[in-house]
Amino acid sequence: MLQMKNISKVYQTEKVQTHALRDFDLNVDEGEFIAVTGPSGSGKTTFLNIAGMLESFTAGQYMLDGVDVGSLSDNARADLRNQKIGFIFQGFNLIPDLNLFENVEVPLRYRGIKSSERKERVMHCLEQVGLASRIKHLPQQLSGGQQQRVAIARALAGEPRFLLADEPTGNLDSLMARQVMELLEQINRDGATIIMVTHDPELARRAPRNIQIVDGQIADFTLYQKPTAVPVASVAGA
Ligand SMILES: Nc1ncnc2c1ncn2[C@@H]1O[C@H](COP(=O)(O)OP(=O)(O)OP(=O)(O)O)[C@@H](O)[C@H]1O
Ligand SMILES: [Mg+2]
């Protein structure tokens, strides 16, 4: 599904050049669930943003479903992104002036889905994350964990085949984090390919494949067996 070959990303600011990714190689098959770990500043968000076509890359080749992303126009790239990709951002990226319902509805509007279907999908996604009773709330009227769940509902609303999640449990307590992980596992079983950045080693271990990014490169691959629903709490206590 996704193939990256020798991808590099250099950020050039006035005086400093940062190599956020260097010769980055990765193949991801349809239906995989991959956890990405690594130190702060190692390039995890940069990798996700490039994978999701939010950011360009400096060199290398990126193929998504057989399409050479580097050769696409801005419009073609945006279309592909809207069709295929859902994002859960590190800092939520909710729109402050829109209520919960409207925030979750945004990607559906982009796709031109009609109003009655939008309503049904938005409510279904908000129910999945346990916030259907708060559709009129603004983001600032919610806790961090609740905002995180709205961001997840918004990513789900577009029924993406490819879900990219940057620290989706970073602001949640361990119970809530586990519930979010279970939600992601369900979405993966339903067919979406997922790449999740996390600092939580116990959550990472639940994903069938882990990659570690250090200094802009893949430092380590670990392939775990499919987890047999081991509760995180018991793993942590072991
Ligand atoms: N827009 C930018 N301009 C300049 N440098 C940037 C920019 N975005 C990221 N960087 C640099 O690129 C490197 C990789 O950043 P990135 O955000 O990918 O790290 P990360 O692994 O996601 O870290 P964290 O765990 O803290 O979120 C860092 O050194 C960062 O300072
Ligand atoms: Mg990051």
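Every heavy atom of this structure was used, including side-chain atoms; hydrogens, water molecules and symmetry mates were not. Remember, predicted model here, so these are calculated numbers, not experimental data. First listed ligand is number 1; within each ligand, the first listed atom is number 1.
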*Any chance the side chains of D190 and Q186 put a donor and an acceptor closer than 3.5 Å?*
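Side-chain D/A pair, D190 to Q186: present.
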
_Testing the 3.5 Å rule here: is there a donor-acceptor pair between the side chains of E105 and Y110?_
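Not at all, the side chains of E105 and Y110 share no donor-acceptor pair under 3.5 Å.
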
*Can a salt bridge be assigned to the pair D23 and K5 using a cut-off of 4.0 Å between side-chain N and carboxylate O?*
no

_If hydrophobic clusters are built by linking Ile, Leu, Val, Met, Phe, Trp and Tyr wherever their side-chain heavy atoms come under 4.5 Å apart, do M63 and L2 end up in the same one?_
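Different hydrophobic clusters.
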
*asked:* Testing the basics here: between I113 and R121, what is the closest heavy-atom pair and its distance to 0.1 Å?
replied: CD1-NH2, 3.4 Å

*Exactly which residues line ligand 1, taking a heavy atom under 4.0 Å from it as the test?*
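Protein residues near ligand 1 are Y11, T18, A20, P39, S40, G41, S42, G43, K44, T45, T46, Q90, H199.
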
*Can you check side-chain contact (heavy atoms from CB on, under 4.5 Å) on Q212 and Q217, steps first, answer last?*
CA-CA 8 Å; Q212 199 194 7; Q217 285 186 314; over 6 Å; no

*asked:* Taking 2.8 Å as the cut-off, does S40 contribute an N, O or S atom near the Mg ion (ligand 2), distance below it?
replied: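 False for S40.
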
